[in-house]
Amino acid sequence: MCSIINKARPVHRALALTLRLRTNTEGSSYAAADRGHFSPCGGADVDPLRAASRRYCSRMALSQGLLFRQLFEPESSTYTYLLADTSTKEAVLIDPVLEPLDRALTLLHELGFNLKVAVNTHCHADHITSTGLMKKRLAGLKSAISKFSGASADIHLSEGDKITFGKQYLTVVETPGHTDGCVTLVTGDRSMAFTGDALLIRGCGRTDFQQGSAKKLYQSIHQKIFTLPDHCLIYPGHDYKGQTASTVAEERKFNPRLTKSLEEFVDIMNNLNLPKPKKIDVSVPANLVCGVTKSECPEKGRILIQSTTS
């Protein structure tokens, strides 16, 4: 699917082109102390003066007809990902954030894409999803989230399901631990994995709220994500140091938490002593109903989903 990425050298594959659209000097409202450094979401140790000006990153794989965009929301340091089939113009959006909703809609309009599915990798605690409001502005758009998330959506995802857009698809891999409803989305050729908050770059999601389990997270990453090809690019739900991507091989070798034994990992995660996310009391209730009132985001079955269990 992404031959340009596959042919690139390992170091080059982990880099994305960054276009600085505007500078935002505000720090993240979701920062928390972890071993003396700021660590939103309980990720790797973080410099509080991170590059908050990142706004829009892109890479394009034309040979197999896949277009890819990486978008950044600075307040919560969240990445949103747009993938599209260049021949059919059908697209999928991963982890859209409420505040930059108009930016995403403008990009879709400029590129002439028909957004079929907006999928959340889990029920977020640090920001509100824009899927509900986006559904009101884009006819035919369906929302998607794990069936274990407890959240309302048009599509409830299970292990092995395929989210299709044109000739392309993403495979759903259940990776609980940060929450029970966490999923990783893997491209058809397994060259790219969108890991949400399960696996971050040199870090991982915290496990002390929303059904979090350090043991489950360790097993999810080692048994599901780390068994992907070494060259598979890791695109996380957040980053706080200005990094845009990693690889399975890099994280398996260098991730300071995931290179530990299970017992050591559980001990680390159980002793982070992080304050709760600043927006959790607002974000979680909103995200359980698709970011809007429940009546505006009804469940309508598995549209565009090819299930391995059906």
Side-chain angles (χ1 to χ4, degrees), residues 1-18 54 56-72 78-88 90-96 104 107 111 113 115-122 144 157 159-175 182-205 220-221 224-239 243-253 255 306:
M1 181 185 297
C2 200
S3 60
I4 290 179
I5 293 176
N6 288 336
K7 292 178 182 178
R9 295 179 180 178
V11 173
H12 293 169
R13 287 199 308 264
L15 299 177
L17 174 63
T18 301
R54 289 169 299 147
Y56 186 90
C57 304
S58 65
R59 170 169 283 163
M60 192 170 187
L62 287 174
S63 61
Q64 295 296 324
L66 175 69
L67 182 139
F68 168 65
R69 292 288 187 273
Q70 182 181 45
L71 307 172
F72 184 70
T78 299
Y79 281 127
T80 296
Y81 299 99
L82 172 67
L83 295 94
D85 184 309
T86 57
S87 60
T88 66
E90 291 185 350
V92 169
L93 198 62
I94 301 171
D95 287 336
L107 181 61
L111 299 180
F113 291 148
L115 187 62
K116 307 298 292 184
V117 179
V119 55
N120 284 291
T121 55
H122 63 292
L157 302 168
E159 176 79 17
D161 286 348
K162 289 181 172 58
I163 302 175
T164 61
F165 51 108
K167 299 176 182 178
Q168 315 291 337
Y169 66 89
L170 295 169
T171 300
V172 176
V173 178
E174 293 174 351
T175 49
C182 287
V183 298
T184 291
L185 303 170
V186 183
T187 55
D189 63 355
R190 303 209 302 170
S191 68
M192 306 166 78
F194 302 90
T195 57
D197 288 9
L199 179 61
L200 306 178
I201 299 174
R202 307 299 191 267
C204 63
S220 291
I221 294 172
K224 299 288 189 71
I225 300 175
F226 281 177
T227 57
L228 292 168
D230 285 355
H231 67 266
C232 179
L233 285 162
I234 298 296
Y235 287 102
H238 302 275
D239 189 79
Q243 303 167 112
T244 57
S246 183
T247 66
V248 168
E250 283 183 40
E251 295 308 313
R252 195 189 297 121
K253 183 176 181 180
N255 193 296
Q306 302 170 2

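Each residue takes its place number in the sequence, starting with 1.
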At their closest point, which heavy atom of [X] faces which heavy atom of [Y], and how far apart are they?
X	Y	value
Val183	Asn120	CG2-O, 4.5 Å
Leu67	Leu111	CD2-CD1, 4.3 Å
Asp230	Arg252	OD1-NH1, 2.8 Å
Pro236	Tyr81	O-OH, 2.6 Å
Leu200	His238	CD2-O, 3.9 Å
Tyr169	Thr171	CE1-OG1, 3.4 Å

Any non-hydrogen side-chain atom of [X] less than 4.5 Å from a side-chain atom of [Y]?
X	Y	value
Leu93	Val117	no
Arg69	Leu107	yes
Leu83	Phe194	yes
Leu185	Ile94	yes
Leu199	Thr175	no
His122	Asp197	yes
Asp85	Leu66	no

Is it true that Glu90 and Lys167 have a side-chain N and a carboxylate O under 4.0 angstrom from each other?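 Lys167 and Glu90: not salt-bridged.
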Going by an N to O cut-off under 4.0 Å, is there a salt bridge joining Arg202 and Glu251?
yes
### Message
With rounding to the nearest 0.5 angstrom, report the CG to CZ distance, Leu115 to Phe165.
### Response
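Result: 10.5 Å between the selected atoms.
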task = Any chance you could measure Glu250, atom CD, to Gln243, atom CD, to the nearest 0.5 Å?
result =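 Atom-to-atom, Glu250:CD and Gln243:CD are 9.0 Å apart.
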| said: Would Ile234 and Thr247 count as a side chain to side chain contact (heavy atoms under 4.5 Å, CB included) here? Give the steps. | reply: CA-CA 5 Å; Ile234 298 296; Thr247 66; 5.5 Å; no
- Does the side chain of Thr184 come under 3.5 Å of the side chain of Thr195 through a donor N or O and an acceptor N or O? no
Of Thr244, Asp95, Leu71, the one forming a side chain to side chain contact (heavy atoms under 4.5 Å, CB included) with Tyr79 is Thr244
Evaluate the criterion side chain to side chain contact (heavy atoms under 4.5 Å, CB included) for residue pair Val173 and Glu159; output intermediate values, then yes/no.
CA-CA 5 Å; Val173 178; Glu159 176 79 17; 4.2 Å; yes
Give the C-alpha distance, both sets of side-chain angles, the deciding distance and a yes or no for side chain to side chain contact (heavy atoms under 4.5 Å, CB included) between Ile163 and Leu157.
CA-CA 9 Å; Ile163 302 175; Leu157 302 168; 4.1 Å; yes
Hey, mind stepping through Leu170 and Thr187 against side chain to side chain contact (heavy atoms under 4.5 Å, CB included) and telling me if it holds?
CA-CA 5 Å; Leu170 295 169; Thr187 55; 3.9 Å; yes
Just by modelled atom types, is the Glu174 backbone N or O under 3.5 Å from a matching donor or acceptor in the Lys224 side chain?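 Here the side-chain-to-backbone pair exists.
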Practice task
Kindly state whether the ring of Phe68 and the ring of Tyr235 have centres lying under 6.0 angstrom apart.
Solution key: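 Centroid distance Phe68-Tyr235: below 6.0 Å, so yes.
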